[in-house]
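Notes to accompany the following structure.
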Amino acid sequence: MSPRVIHTAQALVDVVVEVPALPRRGGNVMAASSARYAGGAVTILLAAVRSGAQAVHAGAHGRGPNGDLVRETLAAEGISLPSPVVEDLDTGVCVVLVEPSAERTFVTTQEAERRITPESLQTSAPVAGDLVCVSGYSLLEPTRNPLLTWLESLPDDAVVVLDPGAVFAELDDSLRARVVALTDVWTGNAEESEDYGGAQGMGPAAEAVAAKLKPGAVAVVRDGEHGCAVHADGVTTVVPGYPEQPVDTNGAGDTHTGVLLAERAKGAAWPDACRRANAAGAIKVTRKGPTSAPTAAEIDDYLAERG
């Protein structure tokens, strides 16, 4: 049985609003459109299953229309959601303001998706080789302590994958050290990785981050259309990207991570997994909404067209 992709982070409902520009403080702006999607951890899980992985959401989900949308979206793609429903609270939302340049601005609530316990996370029943995804945003209260307690109880042969997010730089050094000691795979964007590793450029940043992780850990640094770099087994490989004119960058990084982990679960070498993840991210930015990750066949066609 192939390893599964298990995500511990928040599944939210993205309320995506297209605006001509952000309003001034206290001002107003007329939106061109709005839509609701299941987002957050859902985006990574959708990308993973569409590339052939088995996936599980270990996080919490609430009772109400937002929780219903999350459950319906996951069920439609065959993604398991074993933790019990939080009965007295609905799942929260992330309001995403998207400008014509595809730049995004976020406002996120904290509701049922933050009601995790070590016991609710353990309903995902991780086994050897499973890829357990952690978001830096889960390292805030109230999810931090139950998450870390559970992570520190995992079997040694589970693979902990950290997507640090911008918030990682704001955490205190002792907390970051505790998390890094558990991390087998780092997958972050260039800014986050350069900040943590202290080196500029994808390749140097991947090497610098890997040097701070535990022995044998892998560092992946992605930089949009420029592609990504991976440091694994003592070797750094820069994998070129596929520039596209973006219409919506929301979920591109998560799509990259989902496909990357799906390919690793199937046994692909790191550079090959990165190549397909780069292609998936490129396809994603040409589509609106966080749930528009491509299938494996669409990635195949995209790569074939580009030689």
Side-chain angles (χ1 to χ4, degrees), residues 4-18 31 33-98 104 106-117 120-126 130-133 135 137-138 143 163 248 250-259 261-262 265 280 283-284 287-298:
R4 299 172 299 162
V5 176
I6 301 174
H7 214 309
T8 63
Q10 294 71 53
L12 296 157
V13 169
D14 283 357
V15 180
V16 181
V17 183
E18 293 185 293
S33 69
S34 67
R36 293 172 72 250
Y37 306 91
V42 174
T43 305
I44 290 178
L45 294 168
L46 293 180
V49 298
R50 290 174 187 175
S51 276
Q54 292 184 297
V56 180
H57 183 234
H61 48 111
R63 179 68 71 193
N66 294 335
D68 290 345
L69 178 57
V70 167
R71 286 184 288 273
E72 291 164 5
T73 302
L74 294 176
E77 304 269 352
I79 298 167
S80 174
L81 183 58
S83 61
V85 178
V86 177
E87 294 289 353
D88 62 342
L89 194 62
D90 199 0
T91 290
V93 300
C94 178
V95 179
V96 186
L97 301 179
V98 182
R104 306 151 300 153
F106 305 97
V107 180
T108 305
T109 67
Q110 299 187 77
E111 300 185 53
E113 72 285 347
R114 291 282 177 176
R115 296 273 195 92
I116 62 168
T117 65
S120 69
L121 293 168
Q122 186 56 29
T123 61
S124 61
D130 281 348
L131 299 150
V132 179
C133 302
S135 166
Y137 290 95
S138 296
T143 44
D163 186 341
D248 181 6
N250 187 27
D254 287 344
T255 296
H256 188 283
T257 297
V259 172
L261 298 181
I283 295 168
K284 167 62 200 74
R287 300 172 173 179
K288 292 184 178 181
T291 58
S292 56
T295 63
E298 288 174 324

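- Within the 4.5 Å cutoff, the side chain of D254 has no heavy atoms near those of the V42 side chain.
- Residues S83 and H61 approach most closely at O-NE2, 2.7 Å, considering heavy atoms.
- Atoms CG and CG, from L261 and D130 in turn, are 11.5 Å apart once rounded to the nearest 0.5 Å.
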Check the pair L46, T73 against side chain to side chain contact (heavy atoms under 4.5 Å, CB included), reporting the backbone distance first and the verdict last.
CA-CA 9 Å; L46 293 180; T73 302; 4.1 Å; yes
Walk me through it: do V16 and R36 pass the test side chain to side chain contact (heavy atoms under 4.5 Å, CB included)?
CA-CA 6 Å; V16 181; R36 293 172 72 250; over 6 Å; no
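- Interatomic distance, CG of N250 versus CZ of R287, reported as 15.0 Å (0.5 Å rounding).
- Under the 4.5 Å side-chain criterion, counting only non-hydrogen atoms from C-beta, C94 is not in contact with V15.
- Considering every non-hydrogen atom in both L131 and A265, the closest pair reads CD1-CB, 4.0 Å.
- For S120 (side chain) and I116 (main-chain N/O), no donor-acceptor pair under 3.5 Å exists by modelled atom type.
- When side chains are defined from C-beta on, D14 does not count as touching V93, because their heavy atoms never get closer than 4.5 Å.
- R114 and T143 form a side-chain donor-acceptor contact under 3.5 Å, judged by distance and modelled atom types alone.
- For the pair E18 and K288, the salt-bridge criterion is met [side-chain N within less than 4.0 Å of a carboxylate O].
- Between V70 and L74 there is a side-chain heavy-atom pair separated by less than 4.5 Å.
- To the nearest 0.5 Å, the span separating OG1 on T109 from CG on D90 amounts to 9.0 Å.
- Within the model, atoms CG of L45 and SG of C133 stand 7.0 Å from one another, a figure rounded to the nearest 0.5 Å.
- Using a distance-only test at 3.5 Å, with no hydrogens or angles considered, a donor-acceptor pair links the side chain of T255 to the main chain of G251.
- Remark: D88 engages R115 in a salt bridge, criterion side-chain N to carboxylate O under 4.0 Å.
- Nearest heavy atoms, V5 versus A48: CG2-CB, 4.2 Å.
- Of all heavy-atom pairs between P290 and G39, the closest is CG-CA, 4.5 Å.
- Here the side chain of D248 pairs no donor or acceptor atom with the backbone of V98 at under 3.5 angstrom.
- Proximity of a side-chain donor or acceptor of R50 to a complementary backbone N or O of A293 within less than 3.5 Å is detected.
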Pair V17-V96, side chain to side chain contact (heavy atoms under 4.5 Å, CB included): steps then yes or no
CA-CA 6 Å; V17 183; V96 186; over 6 Å; no
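- Contact between A280 and V259 at its shortest, heavy atoms only, is CB-CG2, 3.5 Å.
- Interatomic distance, R63 CZ to E87 CD, rounded to the nearest 0.5 Å: 4.0 Å.
- For the residue pair E113 / T91, no side-chain donor-acceptor distance below 3.5 Å is found, with atom types taken as modelled.
- Of all non-hydrogen atoms in G59 and L81, the two that sit nearest each other are O-CD1, 4.1 Å.
- Annotation: the span from L12 atom CG to N66 atom CG amounts to 9.0 Å, rounded to 0.5 Å.
- The side-chain heavy atoms of S80 and H57, taken from C-beta on, include no pair separated by under 4.5 Å.
- Using a distance-only test at 3.5 Å, with no hydrogens or angles considered, a donor-acceptor pair links the side chain of K284 to the main chain of G289.
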